[in-house]
Amino acid sequence: MRKRNVLTGLFLIILLSIAIIVRIYYVSYMMSEVNIDEDIYNAAKVSAGSGGPAAAFADGFQMESLYICNLYFVFLLFGNFTVAGVYLNILYQLLTVFLVYIVIKSVTNRYVGFAGSLILAILPAYINTLSKVTMLNMLICIAALVSTVVILMILWIYHRRTAKKNVPDQTAADQADLKEAQSNDSEIIDMSIRPVQDTSMKEIRYDDLEDDKVQYIENPLPVPKRREHKEMDYAFETTGSDDYDIKDLSDKDFYDIE
């Protein structure tokens with residue numbers, strides 16, 4: 001958004017600079033004479049001689065009275081009605097170029113607006129009207145102003161109605177999202193209400209242990225035969241009262257007895 005505003009301001013500066021330079025060049029080198037309307041000149045003289053711009057509206061509000069009032073204020077700066085009329089025309093043309101840029105930019109885009117207003121700013125037929133001190137440039141500027149206001153109002157109403165049409169759809173979507181969020185919150189609350197198993201240390205009882213013995217699968221590979229366990233027993237059977245002492249050693253050759 002900021003870049004767009006900067007670009008719009010840059011276009012306006014370039015556009016008005018070109019318009020001013022072209023008009024100053026025309027006034028300085030190409031304008032041979034100035035034609036001022038006699039009625040406007042006489043009415044402006046009467047307004048200046050009778051003590052202010054209020055005399056211009058003595059017969060009521062008219063376009064000519066408005067132009068003479070503006071011409072009177074510019075006359076106070078330059079001291080000449082002819083010169084004042086030329087620079088007043090320059091002011092009206094600059095305002096018209098600006099308003100044309102605003103209108104075209106609002107309808108299309110800033111690039112088309114810059115191109116259209118630039119054509120108007122350097123149009124020779126429009127620049128030549130500077131030498132004619134009449135109400136023509138003021139009427140063109142007022143027409144551009146009225147057109148700008150009307151078009152901007154139409155666009156504002158259109159965008160407002162479009163926004164209102166989109167609001168119900170957005171509201172329904174927001175309500176659906178709100179219901180989904182509420183259902184998720186309720187599930188979270190239900191999960192939090194469920195009893196949590198105590199995982200702390202407690203006494204382990206033998207009855208609580210499960211017989212989880214490892215069950216091995218049969219080995220498919222060849223293995224050596226298992227050895228049979230041999231048991232060794234005594235050669236003599238003893239009785240319960242035997243003290244394991246051999247008392248009669250006759251016919252016994254377990255030891256070398258001499």
Enquirer: Test your reading of the model: is there a side-chain donor-acceptor pair from Asn35 to the backbone of Val133, 3.5 Å cut-off?
Expert: no
Enquirer: Given side-chain contact (heavy atoms from CB on, under 4.5 Å), test Tyr67 with Tyr72 step by step and report yes or no.
Expert: CA-CA 9 Å; Tyr67 182 79; Tyr72 174 80; over 6 Å; no
Enquirer: Measure from the side-chain N and O atoms of Arg23 to the backbone N and O of Ala121, and report whether any donor-acceptor pair falls under 3.5 Å.
Expert: yes
Enquirer: How long is the straight-line distance from CZ of Phe75 back to CG of Asn70, given to the nearest 0.5 Å?
Expert: 15.0 Å
Enquirer: Please work out whether the ring planes of Tyr101 and Phe11 are parallel, tilted or perpendicular, with thresholds of 30° and 60°.
Expert: perpendicular
Enquirer: Answer yes or no: are there more than 12 heavy-atom neighbours, outside Tyr26 itself, under 6.0 Å from its atom OH?
Expert: yes
Enquirer: Report the distance from atom OG1 of Thr129 to atom CD1 of Ile140, rounding to the nearest 0.5 Å.
Expert: 6.0 Å
Enquirer: Any side-chain heavy-atom pair from Tyr92 and Leu130 closer than 4.5 angstrom?
Expert: no
Enquirer: Rounded at 0.5 Å granularity, tell me how far CG in Asn89 sits from CG in Asn137.
Expert: 4.0 Å
Enquirer: At what distance, to the nearest 0.5 angstrom, does CG of Leu145 lie from CE of Met138?
Expert: 12.0 Å
Enquirer: Rounded to the nearest 0.5 Å, how far does CG of Leu71 lie from CG of Leu88?
Expert: 6.0 Å
Enquirer: Which value, rounded to the nearest 0.5 Å, describes the distance between Lys105 atom NZ and Ser117 atom OG?
Expert: 11.5 Å
Enquirer: So which heavy atom on Thr148 is nearest to which on Ala144, and how close?
Expert: OG1-O, 2.7 Å
Enquirer: Identify whether Trp156 and Tyr158 are in the same connected component of the hydrophobic contact network (ILVMFWY, side-chain heavy atoms under 4.5 Å).
Expert: no
Enquirer: Check the pair Ser131, Val86 against side-chain contact (heavy atoms from CB on, under 4.5 Å), reporting the backbone distance first and the verdict last.
Expert: CA-CA 6 Å; Ser131 60; Val86 173; over 6 Å; no
Enquirer: For Leu221, does the CG atom sit with more than 12 other heavy atoms under 6.0 Å from it, leaving out its own atoms?
Expert: yes
Enquirer: Give me the atom names and distance for the closest heavy-atom approach of Asn80 to Thr82.
Expert: OD1-N, 2.8 Å
Enquirer: Answer yes or no: does atom OH of Tyr25 have more than 12 heavy-atom neighbours from other residues, nucleotides or ligands under 6.0 Å?
Expert: no
Enquirer: Compare every heavy atom of Tyr126 with every heavy atom of Leu120, then report the nearest pair and how far apart it is.
Expert: O-CD2, 3.6 Å
Enquirer: Could you go through the side-chain contact (heavy atoms from CB on, under 4.5 Å) check for Asp39 and Glu64 one step at a time?
Expert: CA-CA 9 Å; Asp39 295 335; Glu64 184 177 354; 4.2 Å; yes
Enquirer: Quick check on Tyr87: does its OH atom have over 12 non-hydrogen neighbours (other residues, nucleotides or ligands) under 6.0 Å away?
Expert: no
Enquirer: Would you kindly confirm whether Ile24 and Ile127 end up in one hydrophobic cluster when ILVMFWY residues are joined by side chain heavy atoms under 4.5 Å apart?
Expert: yes
Enquirer: Quick check against the 3.5 Å criterion: does Asn128 have a side-chain atom that pairs as donor or acceptor with the backbone of Pro124?
Expert: yes
Enquirer: On a heavy-atom basis, which atom in Cys141 and which in Leu99 lie closest, and how many Å separate them?
Expert: O-CD1, 3.9 Å
Enquirer: Testing the basics here: between Val112 and Asn109, what is the closest heavy-atom pair and its distance to 0.1 Å?
Expert: N-OD1, 2.9 Å
Enquirer: Can you check side-chain contact (heavy atoms from CB on, under 4.5 Å) on Ile90 and Val27, steps first, answer last?
Expert: CA-CA 10 Å; Ile90 292 176; Val27 171; 4.1 Å; yes
